[in-house]
K.L.:
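The following block contains the structure, expressed as structure tokens.
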Amino acid sequence: MNDLPQADSARRDNYSAEARAASKVTIIGMILDAVLGVIKVIAGAVFHSQALLVDGIHSFSDVASDLVVLGVMRVSRQEPDEDHPYGHQRIETLGTLVLGSILIAVGAALAWENILRLWQGQADIIPGWPVLAAAGLSVVGKEWIYHYTRRVGIQIRSDLIIANAWHSRTDAFSSVIVVVSTLGAMFGLAWLDVVAAVVIAVIIIHIGWKFTWDSVKELVDTSISPEDTEMLKSIARNTDGVRNIHELRSRKMGQDILLDVHLVVRPDISVSEGHQIGVQVASGMREALENIRDINFHIDAENDEELSPTSEELPSRGDIQRTLEKHISDYPTKTRLRLHYLKNKVHLELFLDSDADTLNEAEVHKAMTGYPWFGSVRVWVKNS
């Protein structure tokens with residue numbers, strides 16, 4: 001059975017608003033990245049700071065990643081459709097993967113270039129003081145855009161926007177390193193500028209790897225944390241009517257969580273009561289984790305994972321009805337039949353309309369004993 005959250009329609013209505021918010025913060029960040037990138041590249045080239053030059057290239061990589069974010073967010077925030085009933089958030093995950101890959105590539109290229117510079121003894125030029133001003137401006141600007149972007153990412157539940165925020169903060173970190181290395185170079189440690197460039201490149205690689213790896217885990221349907229899984233199982237077990245929960249599978253799609261839950265209930269309850277128990281479990285789970293998007297719950301009369309496999313295919317209701325009519329000549333035509341499929345056996349309950357019917361348990365048991373799927377029989381007679 002499927003639990004359809006009441007908030008689904010409202011969430012679909014919010015997709016366009018979320019896309020607009022994501023586009024706005026990304027465009028603001030992109031403009032800031034472009035301006036800071038120009039300032040740092042020019043200042044780094046003119047005033048002899050390899051670290052600031054690398055930091056400027058990092059800012060331009062931010063511009064490229066912002067373009068990726070804009071394109072991905074436009075697609076991923078579309079409403080669910082017939083081909084994508086769960087939505088398009090996987091595209092956002094793919095975009096985060098691309099963004100992380102860009103960072104790794106840029107960081108690796110910059111690290112290699114500056115390691116060669118150190119190896120060849122080209123780290124002997126002292127940066128000029130304007131490098132400090134450009135780096136300081138970058139720290140202030142990138143720290144501001146980090147907080148702004150992260151706040152929007154949390155509000156619209158977007159891993160991609162949050163990842164882009166951290167991408168911006170790595171630029172702020174790298175600018176701090178530029179300030180420190182420039183001061184060190186001015187005090188006679190000229191090589192510190194190139195070393196700082198390598199450090200910044202390594203930071204870029206590290207952040208890129210984190211984004212890439214997290215995206216890969218999501219794309220291969222990695223489950224939620226063991227702590228959250230155990231918490232959800234505990235909620236199910238403590239729900240009235242649940243005997244046990246023998247399976248809980250989870251996967252993430254963007255910030256959303258999708259669950260498949262198998263609940264064990266009493267075998268003699270009605271289908272509607274079993275469904276209601278599942279709805280109560282789903283409600284409790286949603287209260288515990290607000291980003292659960294969809295819960296598929298399966299109502300079991302027993303833990304079927306513990307059953308030994310059998311080569312015998314259990315008969316359907318029609319097969320059993322015909323078998324009863326075949327072996328019992330005076331089988332009442334208005335008899336209601338209730339079936340319980342438990343432990344690879346079928347247990348029968350027969351409900352007679354009146355005590356005028358002559359059917360009894362012993363007769364039915366004798367007629368059905370020869371069938372390997374037969375478990376037991378109970379006969380109930382309606383009071384006159």
Side-chain angles (χ1 to χ4, degrees), residues 1-8 221-252 256-321 335-351 361 364-365 368-369 371-382:
M1 300 178 185
N2 178 256
D3 166 65
L4 295 176
Q6 296 180 354
D8 259 6
D221 285 341
T222 300
S223 66
I224 60 178
S225 69
E227 294 78 15
D228 285 344
T229 299
E230 189 54 42
M231 176 189 66
L232 294 178
K233 286 183 176 181
S234 178
I235 290 171
R237 293 190 187 101
N238 292 328
T239 301
D240 187 28
V242 176
R243 287 187 166 183
N244 196 9
I245 174 171
H246 71 84
E247 186 175 7
L248 190 153
R249 293 180 296 177
S250 63
R251 52 196 171 100
K252 296 193 68 178
D256 292 333
I257 297 173
L258 308 179
L259 297 177
D260 293 301
V261 184
H262 286 241
L263 304 170
V264 180
V265 300
R266 288 174 49 195
D268 56 348
I269 65 173
S270 66
V271 174
S272 58
E273 183 180 354
H275 178 79
Q276 181 60 28
I277 291 172
V279 170
Q280 292 172 355
V281 170
S283 176
M285 289 180 172
R286 289 187 185 284
E287 290 180 2
L289 292 178
E290 61 180 14
N291 56 332
I292 294 177
R293 176 179 175 82
D294 189 80
I295 302 177
N296 285 308
F297 56 82
H298 184 75
I299 304 300
D300 289 329
E302 60 188 350
N303 186 347
D304 48 20
E305 291 182 342
E306 295 179 352
L307 296 179
S308 301
T310 176
S311 58
E312 292 288 339
E313 182 177 348
L314 297 180
S316 67
R317 170 179 290 272
D319 293 335
I320 294 174
Q321 186 79 38
T335 300
R336 289 192 301 112
L337 178 63
R338 180 185 294 170
L339 305 176
H340 301 281
Y341 291 81
L342 299 169
K343 301 186 183 302
N344 292 326
K345 298 287 185 180
V346 183
H347 302 268
L348 284 61
E349 286 188 279
L350 303 177
F351 296 84
E361 290 181 4
V364 177
H365 194 281
M368 306 300 288
T369 299
Y371 292 91
W373 47 263
F374 176 68
S376 65
V377 62
R378 292 292 302 275
V379 175
W380 305 93
V381 180
K382 181 179 179 180

K.L.:
Please give me the minimum heavy-atom distance between H246 and V264, naming the atom from each residue.
P.N.:
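Between these two residues, the closest heavy atoms are CD2-CG2, 3.5 Å.
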
K.L.:
Run the side-chain hydrogen bond (donor to acceptor under 3.5 Å, both in side chains) test against Y371 and tell me which residues pass, sequence neighbours left out.
P.N.:
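With neighbours one apart ignored, the set is H327.
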
K.L.:
For Q321 and L337, which heavy atoms make the closest approach, and how far apart are they?
P.N.:
OE1-CD2, 3.7 Å

K.L.:
Is there a side-chain contact between D294 and L259, using heavy atoms and a 4.5 Å cut-off?
P.N.:
no

K.L.:
Grab the two heavy atoms, one from A288 and one from I235, that are nearest each other, plus how far apart they are.
P.N.:
CB-CD1, 3.4 Å

K.L.:
Between F351 and W380, what is the ring plane arrangement, given parallel below 30°, perpendicular above 60°, and tilted in between?
P.N.:
parallel

K.L.:
So how far is it from K233 NZ to E247 CD, rounded to the nearest 0.5 Å?
P.N.:
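With rounding to 0.5 Å, NZ (K233) is 9.0 Å from CD (E247).
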
K.L.:
For a quick test of reading the model, state the closest non-hydrogen atom pair linking I320 to P315 and the distance between them.
P.N.:
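Scanning both residues, the minimum pair turns out to be CG1-CG, 3.7 Å.
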
K.L.:
Check whether any side-chain heavy atom of L232 lies under 4.5 Å from a side-chain heavy atom of V261, and answer yes or no.
P.N.:
no

K.L.:
Answer whether the closest heavy-atom distance between the side chains of W373 and E313 falls below 4.5 Å.
P.N.:
no

K.L.:
Which atom names give the shortest non-hydrogen contact between K345 and G375, and what distance separates them?
P.N.:
CB-CA, 4.0 Å

K.L.:
Is any side-chain heavy atom of S283 less than 4.5 Å from a side-chain heavy atom of E287?
P.N.:
yes

K.L.:
Residues in side-chain hydrogen bond (donor to acceptor under 3.5 Å, both in side chains) with T229, at least two apart?
P.N.:
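Checked T229 against side-chain hydrogen bond (donor to acceptor under 3.5 Å, both in side chains); zero matches.
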
K.L.:
Answer whether the closest heavy-atom distance between the side chains of M285 and L248 falls below 4.5 Å.
P.N.:
yes

K.L.:
Roughly how far apart are Q280 CD and L263 CG, rounded to 0.5 Å?
P.N.:
11.0 Å

K.L.:
List for me each residue that meets side-chain contact (heavy atoms from CB on, under 4.5 Å) alongside V265, sequence neighbours excluded, and say none if there are none.
P.N.:
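With neighbours one apart ignored, the set is I269, I277, I299.
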
K.L.:
Around atom CG of D240, are there more than 12 heavy atoms from other residues, nucleotides or ligands closer than 6.0 Å?
P.N.:
no

K.L.:
First locate atom CD1 of I224, then atom CD1 of I292, and finally report the distance between them rounded to the nearest 0.5 Å.
P.N.:
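Result: 7.0 Å between the selected atoms.
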
K.L.:
Backbone N or O of E230 within a donor-acceptor pair of the S234 side chain at under 3.5 Å?
P.N.:
no

K.L.:
At what distance, to the nearest 0.5 angstrom, does CG of N244 lie from NE2 of H262?
P.N.:
13.0 Å

K.L.:
Return the minimal non-hydrogen interatomic distance between L289 and M231, and the atom names on each side.
P.N.:
CG-CE, 3.8 Å

K.L.:
Taking atom CZ of R251 and atom CG of L258, what is their separation to the nearest 0.5 Å?
P.N.:
4.5 Å

K.L.:
If you measure from CD on E349 to OG on S376, what distance do you get to the nearest 0.5 Å?
P.N.:
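Output value for this atom pair is 8.5 Å.
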
K.L.:
List the residues meeting side-chain hydrogen bond (donor to acceptor under 3.5 Å, both in side chains) with E273, not counting sequence neighbours, and say none if there are none.
P.N.:
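Testing E273 for side-chain hydrogen bond (donor to acceptor under 3.5 Å, both in side chains), a comparison that skips the adjacent residues, returns none.
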
K.L.:
Can you sort out the partners of S225 under side-chain contact (heavy atoms from CB on, under 4.5 Å), two or more places apart, ordered by chain and number?
P.N.:
E227, D228

K.L.:
For D268, what residues pass the salt bridge (Lys or Arg N to Asp or Glu O under 4.0 Å) criterion, not counting sequence neighbours?
P.N.:
R266

